[in-house]
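Note on naming: letters A, B, ... go to the chains in the order of the sequence lines (proteins, then strands), and numbering restarts at 1 for each one. Note that these values count all heavy atoms, side chains included, but never hydrogens, waters or copies made by symmetry.
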Protein chains: 2
Amino acid sequence: MRVLKYAILGLLYRQEYSGYDITSQFKQEIGQFWSAKHSQIYPELRKLVDEGLVEFRTQIQGEKLEKKMYTITEQGRQELLAWAAQPESLPETEKDEFMLKMYFIHTLSPEQARALFEDQLQQRRAKLAYLQQRYESLMPVFAKEENGEKHTQATHGQTASDTAPLAFHNPNLGHYLVLTKAMAREQSYVDWLERHMKLFV
Amino acid sequence: MRVLKYAILGLLYRQEYSGYDITSQFKQEIGQFWSAKHSQIYPELRKLVDEGLVEFRTQIQGEKLEKKMYTITEQGRQELLAWAAQPESLPETEKDEFMLKMYFIHTLSPEQARALFEDQLQQRRAKLAYLQQRYESLMPVFAKEENGEKHTQATHGQTASDTAPLAFHNPNLGHYLVLTKAMAREQSYVDWLERHMKLFV
DNA sequence: CTTCACATGTAACTAGTTACATGATTTA
DNA sequence: TAAATCATGTAACTAGTTACATGTGAAG
């Protein structure tokens, strides 16, 4: 599958990055849906160079710190586009250790189950709040527009930030999509947890 | 982490299973949140036997087909309970190749993006419909109640799934939780896709 | 008699994590 | 001047997938 290969090519499509920069990118919004550690990224970059999909130039930072700035080649661009346009079938499994524990809820006391549930709810709420904050700071215009329109539907888990204010040709569209999708995912998780909390009270 | 270890112990907590049975279980509902191939399961079972967490007896099926039926040991039960009661922190990344492609949407034409989006929507809708169908066949009474229909006990039989799922002591609770959570996940995905489809029309 | 499901394993490989290892630059 | 961040790599290990390999049993 080599998804990391395409993740790196996709990042390099718009600008050159060092291995460290790529590692940093995976700590930003796209890290909600794909990421890798530097120990996986450096060997992959080496491989992509060997395959002729990326190139690098060495740049000096300060006195003597060398960093390698990678750029995508024409061949790399072609392979990226072929992958990106290809629909894939859904994974049968989307792993979630918490839900695995819930499947085995009969191994727990009601108190233990409730503690797990509340812990998960607290964590998911915190993550949702963090994402909403990112959204407001990165896309303040759209966030404001939505707040002015007042179409919040809390009972269905649709926050104001879930509607689409962007046009197709907007360089932030990808960013906007992953942020709203991550928020929708967390909102759905929070809603489900809240709906079932009564089981333990 | 060894999550597969606990997944297997959790399955064996209620009844004995062969390696083949465990493989089959991962193709059922719990497979929405955890799974493994038989080539990973057989070595793991071997390891669990070596560690004294499970035991097996050999059973003959028909004339000479041998199968190993595994049971959990007291030590296995203890390790399972310790894992199950332990809250874990959220994974920073929940991998989703489709969303990675959406982050790189600027590499696609509007037509290509729309095709991907529609393909994903169709697949997610189909999965949601499948899960709803499973839910209705496995938990018919509760499904009807949610649809706003009346439930009179006299008109229904006495199957295990016929009793109200929303009580802590119900042997189907785990099953109910994973099904409703999987449906919520797919519904949220479908909603998000529908809300953003207008970007491509 | 053929196909599908049952049943168990290993080999080779790919993907991903944790730990080891080193050094430069910036900021408090 | 100490700590955090920038910067790059390798080693050892764990997790997971695909392919190889074999055979039984049931049902049509």
Quickly work out the [X] [atom1] to [N] [atom2] distance and round it to whole Å.
| X | N | atom1 | atom2 | result |
| --- | --- | --- | --- | --- |
| A:Met1 | D:dT18 | CE | P | 6 Å |
| B:Lys37 | C:dT8 | NZ | C1' | 17 Å |
| B:Ile8 | D:dG16 | CD1 | C1' | 13 Å |
| B:Lys95 | D:dG16 | NZ | P | 12 Å |
| B:Leu45 | C:dG9 | CG | P | 8 Å |
| A:Lys27 | D:dA4 | NZ | P | 15 Å |
| B:Leu65 | C:dA7 | CG | C1' | 5 Å |
| B:Glu97 | C:dG16 | CD | C1' | 16 Å |

Select base, sugar-phosphate, or nothing to describe what [X] touches, counting heavy atoms under 4.0 Å on all strands.
| X | value |
| --- | --- |
| B:Lys5 | nothing |
| A:Lys47 | nothing |
| A:Arg2 | sugar-phosphate |

> Cut-off 3.5 Å, side chains only: do B:Trp192 and A:Gln187 have a donor facing an acceptor?
Replying inline: no
>> Does either side chain, that of A:Asp119 or that of A:Gln123, offer a donor lying less than 3.5 Å from an acceptor on the other one?
In response: yes
> Is the Lys NZ or Arg CZ of A:Lys67 less than 6.0 Å from the centre of A:Tyr17's six-membered ring, within 45° of the axis?
Replying inline: no
Tell me whether the side-chain N/O atoms of [X] come closer than 4.0 Å to OP1 or OP2 in [N].
| X | N | answer |
| --- | --- | --- |
| A:Gln61 | C:dA24 | no |
| B:Gln40 | D:dA15 | no |
| A:Lys64 | C:dA24 | yes |
| A:Tyr42 | D:dT8 | yes |
| A:Lys68 | D:dG9 | yes |

Please tell me which of the listed nucleotides, [options], lies nearest to the side chain of [X]?
| X | options | result |
| --- | --- | --- |
| A:Tyr20 | C:dG16, C:dT8, D:dT8 | D:dT8 |
| B:Trp34 | D:dG16, C:dG16, C:dA24 | D:dG16 |
| B:Leu4 | C:dT25, D:dG16, C:dG9 | D:dG16 |
| A:Tyr70 | D:dG25, D:dG9, C:dT25 | D:dG9 |
| B:His38 | C:dT25, C:dG9, C:dT17 | C:dG9 |
| B:Lys67 | D:dT8, C:dC6, C:dT8 | C:dT8 |

> Taking for each residue the nucleotide of DNA chain C with the nearest heavy atom, is it B:Ser24 or A:Ser35 whose nucleotide lies nearer the 5' end?
Replying inline: B:Ser24
>> Here's a test of your reading of the structure: between B:Glu66 and B:Glu92, which maps to the more 5' nucleotide of DNA chain C?
In response: B:Glu66
> Do A:Ser39 and C:dT18 have a side chain to base donor-acceptor pair shorter than 3.5 Å?
Replying inline: yes
Scan the side chains in residues 33-42 of chain B for donor-acceptor partners under 3.5 Å anywhere in the protein, sequence neighbours excluded, and list what turns up.
unit_1, atom_1, unit_2, atom_2, d
B:Ser35, OG, A:Thr93, OG1, 2.7

> Between A:Ser188 and A:Ala184, is there a donor-acceptor pair closer than 3.5 Å when you use the side chain of the first and the backbone of the second?
Replying inline: no
>> For B:Val49 and B:Tyr70: C-alpha separation, side-chain torsions, deciding distance, then whether side chain to side chain contact (heavy atoms under 4.5 Å, CB included) applies.
In response: CA-CA 9 Å; B:Val49 170; B:Tyr70 292 88; 3.8 Å; yes
>> Between B:Glu44 and A:Pro43, which residue's closest nucleotide on DNA chain D lies nearer the 5′ terminus?
In response: A:Pro43
